[in-house]
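First the proteins, then the strands, lettered A, B, ... as listed; each starts at 1. Quick caveat, the model's predicted, so the values are computed rather than measured.
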Amino acid sequence: MKRTRLDSLEKNASGLAVVASIVVLWWFASHFEWVSRVFLPTPEAAGLALYKGLVTGELAQQTWQTTLRMIQGWLLACLAGIFIGAVIGVSAVATAWIKPTLELLRPLPASAVLPLAIAVLGLGPNMVLGVVAFGALWPVLLATVHGFSTVEPRLNEVARCMRLSRSAFIVKIGIPNAMPDILSGMRVSLTIALIVAIVGEMIAAQEGLGRAILMAARSFQAADIFAGLILLGLLGFASNSLLVLSERRALRWQEGH
Amino acid sequence: MTAHSAWRASFLPILALVWLEWYARSPGAGSDSIATVSASAAALWQSAVDGTLIAATMFTLAAAASGLALGGLAGVLLGIAIGLSSRASDASSLAIELLRPLPSIALVPFATLIFGFGLSMEIAVVAFATFWPILVLARSAVRQVDGRLQEVARALRFSFLRTVVKFILPSIVPRLFVAIRVGAGLALVVAVTVEVVGNTRGLGYGLVMSQQNLQPALMLGWLAWVGMLGYLVNEILSAVERGAVRRFTGAVK
């Protein structure tokens with residue numbers, strides 16, 4: 001026990017050392033102008049821009065807008081993905097009729113759909129939300145279908161013996177069984193939701209970090225770009241870590257298997 | 001695929017196309033946002049004949065392929081280097097976990113500042129985007145190589161380089177193919193997205209322009225083309241990967 005704690009301490013320390021040396025490298029690169037100061041601000045300048053943006057509340061507000069857009073789009077995608085995935089997963093008929101179309105739509109980049117969405121729905125927050133949901137839909141949906149396809153055949157027989165209705169089968173057997181797949185699909189979806197949210201903000205001029213970074217670049221404020229990038233990176237890191245943690249929690253009941 | 005299953009598979013897409021044709025003819029006639037299927041196909045054909053489609057496709061594919069080559073090579077090399085030592089894996093994982101979730105597309109304004117519009121900016125963003133997943137996959141591929149192989153190499157007094165070339169590389173080839181397929185799919189998506197967000201050439205730019213010029217037929221035609229391209233790239237890569245895995249797993253085991 002003590003031994004493993006020492007190991008993990010050493011691991012954390014060496015991890016922090018690598019991160020610190022990257023920052024030091026950045027410091028050298030900017031201070032000795034290996035890269036022009038126009039592009040690469042000093043770490044202090046980026047930190048100051050970050051601090052100012054958070055204190056005045058401007059960056060905090062934009063981070064909040066992006067977070068909200070990401071989570072809303074993601075939740076929509078998860079609901080739709082699990083529902084459609086479950087319907088396809090329990091029925092061979094639905095699989096044969098619907099799944100090929102989904103396979104056809106899946107490789108379509110969400111950003112390529114943006115112009116169509118703008119043309120049909122106009123430049124609004126709901127349009128961006130719709131495209132975020134569309135982009136984030138596929139990983140959850142396909143993971144759900146896959147999770148349903150791995151249900152132990154004996155459980156199917158049990159369900160038949162108990163005369164479970166199709167919806168009861170989905171809720172009581174299908175979804176719990178597909179949970180590991182669904183959760184990891186949801187994690188991938190969240191990453192995509194963040195990306196598409198930023199793209200939407202840049203194109204449709206919606207309030208958020210994506211637009212903030214674009215505006216900073218247009219006025220050559222490298223420090224502000226980096227402040228935005230740091231916040232985006234932290235947002236991505238935090239949301240992903242939260243999901244990993246809750247995944248572990250939610251799947252604890254499966255450990256015995 | 002039997003005729004019956006082909007019919008069932010194509011039923012929904014055909015239904016959607018028929019509906020679009022009907023809708024764009026009667027209720028939505030003269031719309032600036034929707035066009036008939038026939039008009040879209042004609043516009044797509046027209047742009048293929050006058051060369052704009054080919055030029056844009058070549059630009060997008062070139063950017064995606066070069067970015068993937070750059071990011072993939074760097075990712076594979078660094079991934080192998082890190083994966084060879086458990087200490088290096090541990091030490092680098094925090095930095096990787098911190099940098100990896102950064103959405104590559106957010107770098108477009110920054111990359112434009114450095115490179116201006118054009119091919120190099122797009123290549124840089126695609127390379128950044130593909131670097132991380134390939135790095136992580138290459139690292140875990142090396143970590144999973146049987147430890148006994150390293151012992152054999154030691155017993156044979158192989159040099160470090162010889163161990164890597166003779167033992168490590170052949171055993172991770174199937175997994176590297178998976179990494180490259182993942183990277184290639186990503187590269188195409190990122191390339192199109194960069195063009196949508198802020199480049200002045202390529203398929204994504206063409207999509208945005210046709211929407212802004214109120215040419216829905218051209219936009220829908222190109223959208224379908226982008227979809228087909230993505231599907232095709234995915235199919236080709238899967239086939240290559242299946243072939244390679246069959247060949248190499250046979251050779252290694």
Pairs of heavy atoms under 4.5 Å with chain B: top-ranked of [options]:
options	result
A:Phe226, A:Phe220, A:Phe237	A:Phe237
A:Leu114, A:Ile118, A:Ile22	A:Ile118
A:Ile98, A:Thr101, A:Leu108	A:Thr101

Exercise for review: Please flag which part of A:Ile195 lies under 4.5 Å from any non-hydrogen atom of chain B: side chain, backbone, both or neither.
Suggested key: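 Both parts, backbone and side chain.
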Check your understanding: Side chain, backbone, both or neither: which part of A:Ala17 has a non-hydrogen atom closer than 4.5 Å to chain B?
Key ->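 For A:Ala17, there is no contact with chain B at all, as no heavy atom is under 4.5 Å.
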Practice item. Just do the side chain to side chain contact (heavy atoms under 4.5 Å, CB included) check on B:Tyr231 and A:Arg106 with the steps written out, would you? Key: CA-CA 8 Å; B:Tyr231 186 77; A:Arg106 185 172 60 110; over 6 Å; no
So which residue, [options], ends up with the most heavy-atom pairs under 4.5 Å with chain A?
options	answer
B:Gly198, B:Pro103, B:Ala91	B:Ala91
B:Ile96, B:Leu107, B:Leu98	B:Leu98
B:Pro101, B:Ser10, B:Gly227, B:Ser93	B:Pro101
B:Ala16, B:Gly230, B:Pro216, B:Ala106	B:Ala106

Practice item. Run the numbers on B:Leu135 and B:Ile82 for side chain to side chain contact (heavy atoms under 4.5 Å, CB included), then give the verdict. Key: CA-CA 9 Å; B:Leu135 167 73; B:Ile82 292 174; 4.2 Å; yes
Review point. Using 30° and 60° as the class limits, which term best fits the ring planes of A:Phe28 and A:Trp34: parallel, tilted or perpendicular?
Key: parallel
Point to revise | B:Trp225-B:Thr57 side chain donor-acceptor pair, cut-off 3.5 Å | key: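 Note: B:Trp225 and B:Thr57 side chains meet the donor-acceptor criterion.
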Check your understanding: Any sub-3.5 Å donor-acceptor pair from A:Thr66's side-chain atoms to A:Leu209's backbone N or O?
Key -> yes
Exercise for review: Spell out, as yes or no, whether a donor-acceptor pair under 3.5 Å connects the side chain of A:Thr42 to the backbone of A:Ser30.
Suggested key: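 Checked: no pair found.
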Exercise for review: Sort B:Thr193 into side chain, backbone, both or neither according to what part of it lies under 4.5 angstrom from a heavy atom of chain A.
Suggested key: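 Both parts, backbone and side chain.
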Review point. Under a 4.5 Å heavy-atom cut-off, does chain A meet the side chain of B:Leu229, its backbone, both or neither?
Key: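 For B:Leu229, there is no contact with chain A at all, as no heavy atom is under 4.5 Å.
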Practice item. Run the numbers on B:Trp222 and B:Ser47 for side chain to side chain contact (heavy atoms under 4.5 Å, CB included), then give the verdict. Key: CA-CA 9 Å; B:Trp222 278 40; B:Ser47 67; 3.1 Å; yes
Point to revise | Chi angles and distances behind the side chain to side chain contact (heavy atoms under 4.5 Å, CB included) call for A:Glu201, A:Arg69 | key: CA-CA 10 Å; A:Glu201 286 166 6; A:Arg69 210 184 302 285; 3.0 Å; yes
